[in-house]
Protein chains: 2
Amino acid sequence: MVITRATEYAIRTIIYLAKQPRNEIVLKKDICRTQNVTPAFLTKILQPLIKVGIVSSQRGVGGGFLLAKDPEEINLLDILQAEEGELNLNHCLVDDDVCERDKHCSAHEVWQEAQNEMIKVLCRHSIADLVKIEKVKVESLGLG
Amino acid sequence: MVITRATEYAIRTIIYLAKQPRNEIVLKKDICRTQNVTPAFLTKILQPLIKVGIVSSQRGVGGGFLLAKDPEEINLLDILQAEEGELNLNHCLVDDDVCERDKHCSAHEVWQEAQNEMIKVLCRHSIADLVKIEKVKVESLGLG
DNA sequence: TATCAGTGGTTATTACTCGAGCAACGGAAT
DNA sequence: ATTCCGTTGCTCGAGTAATAACCACTGATA
């Protein structure tokens, strides 16, 4: 299992924020209520997203959270790496010096290739895309 | 980090076995010495491979391990899944009922796509391929 | 301007699970 | 009896998931 709960909640949260009118500040408790996360945990999850500039926050009365970037400019890899750090299939991919077997280990290249393919997919889909897909899904549910 | 040490040692071991003359029985301690694994840990690692029929074993004097399948017929996904169980990027991919959000969760499809791409790569390379690649690597090291 | 309620920010702690490895004993083959 | 592998259970450490206590900022208002 690669994706943690934190990453999953983070993605839900960002999609939720992306659905709000642009520049509208959203309360933490509203995110919690709609996305089924506890406030304490959501606090922890949002901090890395703020650090990398995906979300911005406003303290004090009337404060809350909002997207700091255009949904077109955010992809799933950005969020995953903000929450979990660099994505690495195997420790020998962390950097070229970690594994002294690199020189003759043939599996190394396969891990690298698999990781690259995975990253390509995660980069290909922006949050804006996902919001569109959700709208279509919700509509088709309404019809069915 | 998706790949565990057990999987990595398992792959090393299988490549080692594949390099031996066909049907030659190899002692556990020879595997340990050449692949830098402790006997106790290797014991644990080999059992799942035996269970799924990749490796077979022989007890008693003159016993040991050998490949039960043609190296052409073994790929990295086989080994990985023998050691770690079904590969799943996220818990919502385990089966369609786990995540009650499936119906409207757009990320689900991205995880599925990323996982499929990864699996494709892991299936594409047989142990026989890896052995060939290692030979080439070793030769080029000898020249350098 | 002092203050207070409403907000997010930071840090520490807990419980739990899983990866990694070890060791002791059991069972089969010769 | 000896030489092998097989099974089981254990420990230790790291990482996930979540909680809680306390801190810092903002803005309204007394």
Side-chain angles (χ1 to χ4, degrees), chain A residues 1-13 17 24-33 35-68 80 82-91 94, chain B residues 1-13 17 24-33 35-68 80 82-91 94:
Chain A
M1 221 73 85
V2 181
I3 283 73
T4 63
R5 309 280 282 161
T7 300
E8 194 170 327
Y9 292 144
I11 291 170
R12 288 189 200 176
T13 300
L17 292 178
E24 178 157 317
I25 292 183
V26 179
L27 268 173
K28 190 199 283 178
K29 66 179 176 186
D30 289 335
I31 300 174
C32 291
R33 199 176 48 242
Q35 306 307 309
N36 301 310
V37 198
T38 63
F41 196 32
L42 185 62
T43 297
K44 197 176 194 174
I45 290 162
L46 283 168
Q47 292 318 307
L49 300 174
I50 294 169
K51 286 232 171 61
V52 299
I54 294 175
V55 170
S56 64
S57 62
Q58 175 69 43
R59 290 190 190 188
V61 178
F65 302 92
L66 72 166
L67 282 192
L80 190 151
E83 294 294 334
E84 304 180 28
E86 194 77 18
L87 172 62
N88 278 300
L89 232 54
N90 198 359
H91 64 110
V94 174
Chain B
M1 222 74 85
V2 180
I3 282 71
T4 63
R5 308 282 281 160
T7 300
E8 194 170 327
Y9 292 143
I11 290 169
R12 286 189 201 176
T13 299
L17 292 178
E24 179 157 317
I25 292 183
V26 180
L27 267 172
K28 190 199 280 177
K29 67 177 176 187
D30 289 335
I31 301 174
C32 291
R33 200 176 49 242
Q35 306 308 309
N36 301 310
V37 197
T38 63
F41 196 31
L42 185 61
T43 297
K44 196 176 195 172
I45 290 163
L46 282 168
Q47 292 317 307
L49 300 174
I50 294 169
K51 286 231 170 64
V52 300
I54 294 175
V55 170
S56 64
S57 63
Q58 175 70 41
R59 294 188 188 187
V61 178
F65 301 91
L66 72 165
L67 281 193
L80 190 149
E83 294 294 334
E84 305 182 27
E86 194 75 18
L87 172 63
N88 278 300
L89 232 56
N90 198 358
H91 64 110
V94 174

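If you're wondering where the values come from, they're calculated on a predicted model, not measured in any experiment. Numbered from 1 within each chain, the chains take letters A, B, ... in sequence-line order.
- Separating the CG atom of Asn36(B) from the C1' atom of dG21(C) is a distance of 15 Å, rounded to the nearest angstrom.
- In this structure, Arg59(B) has no salt bridge (charged side-chain N to carboxylate O under 4.0 Å, His left out) partners at least two apart in sequence or on a different chain.
- Taking all atoms of both residues into account, the shortest heavy-atom contact from Ala68(B) to Gly53(B) is CB-O, 3.4 Å.
- The shortest side-chain heavy-atom distance between Glu83(B) and Leu49(B) falls under the 4.5 Å cut-off.
- Checking the phosphate oxygens (OP1, OP2) of dG21(C), a side-chain nitrogen or oxygen of Tyr9(B) falls inside 4.0 Å.
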Got a list of protein N/O to nucleotides 6-12 of chain C N/O distances below 3.5 Å?
from    : atom 1 : to       : atom 2 : distance (Å)
dG8(C)  : OP1    : Lys28(A) : N      : 2.9
dG9(C)  : OP1    : Ser57(A) : OG     : 2.7
dG9(C)  : OP2    : Gln47(A) : NE2    : 2.5
dG9(C)  : O4'    : Arg59(A) : NH2    : 2.9
dT10(C) : OP2    : Gln47(A) : OE1    : 3.3

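- We find the CZ-CG distance between Arg5(B) and Asn90(A) to be 8.5 Å, quoted to the nearest 0.5 Å.
- Listed pair Thr38(B) / dG21(C) fails the phosphate criterion, with no side-chain N or O lying under 4.0 Å from OP1 or OP2.
- A side chain to side chain contact (heavy atoms under 4.5 Å, CB included) with Val55(B) is found for exactly one of Leu17(B), Thr13(B), Val26(B), namely Leu17(B).
- Taking the side chain as every heavy atom from C-beta outward, Tyr9(A) and Gln35(A) never approach each other to under 4.5 Å.
- The nearest whole Å value for the distance from the NE2 atom in His91(B) to the P atom in dC18(C) is 14 Å.
- Using a 4.0 Å cutoff to heavy atoms of chain A, the contacted part of DNA chain D runs 5' to 3' from dA17(D) to dT26(D).
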Does the pair Val2(A) and Leu87(A) meet the rule for a side chain to side chain contact (heavy atoms under 4.5 Å, CB included), with working shown? CA-CA 9 Å; Val2(A) 181; Leu87(A) 172 62; 4.0 Å; yes
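- In this structure the side chain of Ser56(A) reaches within 4.5 angstrom of the side chain of Leu66(A), judged on heavy atoms.
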